[in-house]
Amino acid sequence: QLGLLSRVLAVADVYEALTADRPYRAGMTVPAVLDIMRRDQGTAFDPHVFDAAAALAERGTFKALAGGHSDPFPQLRQEPAKFTRIARVA
């Protein structure tokens, strides 16, 4: 039995992975991602968490929470060396 936070993160992680642009492919559209994820609802994803996340995604709320980007860490991806130095200090 996974805790609520783990179930939420499972949905959010897959959503981000499929919608974000990658060097080797463009991010997928929200409807396409939700169709793919819906197939795993009840097995890989908690159905209640998925339903709530799908409602947010369909309204564009996920993108708003990420500052208007499908990638919530654009600066990290543009300047990874800067963040690597910070991580070494900590």
Side-chain angles (χ1 to χ4, degrees):
Q1 182 86 334
L2 292 175
L4 178 60
L5 180 58
S6 296
R7 290 179 280 155
V8 169
L9 289 175
V11 171
D13 181 53
V14 172
Y15 178 86
E16 189 280 331
L18 294 175
T19 58
D21 289 335
R22 303 291 186 202
Y24 50 88
R25 66 154 177 82
M28 299 172 70
T29 65
V30 171
V33 168
L34 293 179
D35 285 344
I36 289 168
M37 293 178 71
R38 195 167 276 117
R39 293 180 213 144
D40 291 325
Q41 184 180 6
T43 55
F45 308 118
D46 178 297
H48 301 293
V49 172
F50 176 79
D51 287 341
L56 291 173
E58 288 167 344
R59 288 197 312 246
T61 305
F62 275 174
K63 201 172 221 180
L65 290 173
H69 304 281
S70 60
D71 181 355
F73 305 106
Q75 192 175 18
L76 173 63
R77 304 215 194 286
Q78 292 170 3
E79 305 174 73
K82 176 180 176 183
F83 292 92
T84 302
R85 286 192 305 271
I86 293 169
R88 285 188 201 141
V89 172

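A quick note: this is a predicted structure, and the numbers were derived from the prediction, not measured. These numbers come from the heavy atoms of this one structure, side chains and all, not from hydrogens, waters or symmetry mates.
Side-chain atoms of D40 do not come within 3.5 Å of backbone N or O of T43 as any donor-acceptor pair. Using a distance-only test at 3.5 Å, with no hydrogens or angles considered, a donor-acceptor pair links the side chain of D21 to the main chain of G27.
Between M37 and F45 the shortest side-chain heavy-atom distance falls below 4.5 Å. Side-chain contact check for V49 versus L4: some heavy-atom pair is nearer than 4.5 Å. Counting only heavy atoms from C-beta outward, the side chains of M28 and T19 never approach each other to under 4.5 Å.
Here the closest non-hydrogen pair linking R25 and L18 is NH1-O, 3.6 Å.
In this structure, the separation between CD on E58 and CG on L34 is 5.5 Å, given to the nearest 0.5 Å.
In the hydrophobic clustering of this structure, V30 groups with I36; members are Ile, Leu, Val, Met, Phe, Trp, Tyr whose side-chain heavy atoms approach within less than 4.5 Å, directly or through other members.
There is a side-chain donor-acceptor pair under 3.5 Å between Q41 and D51.
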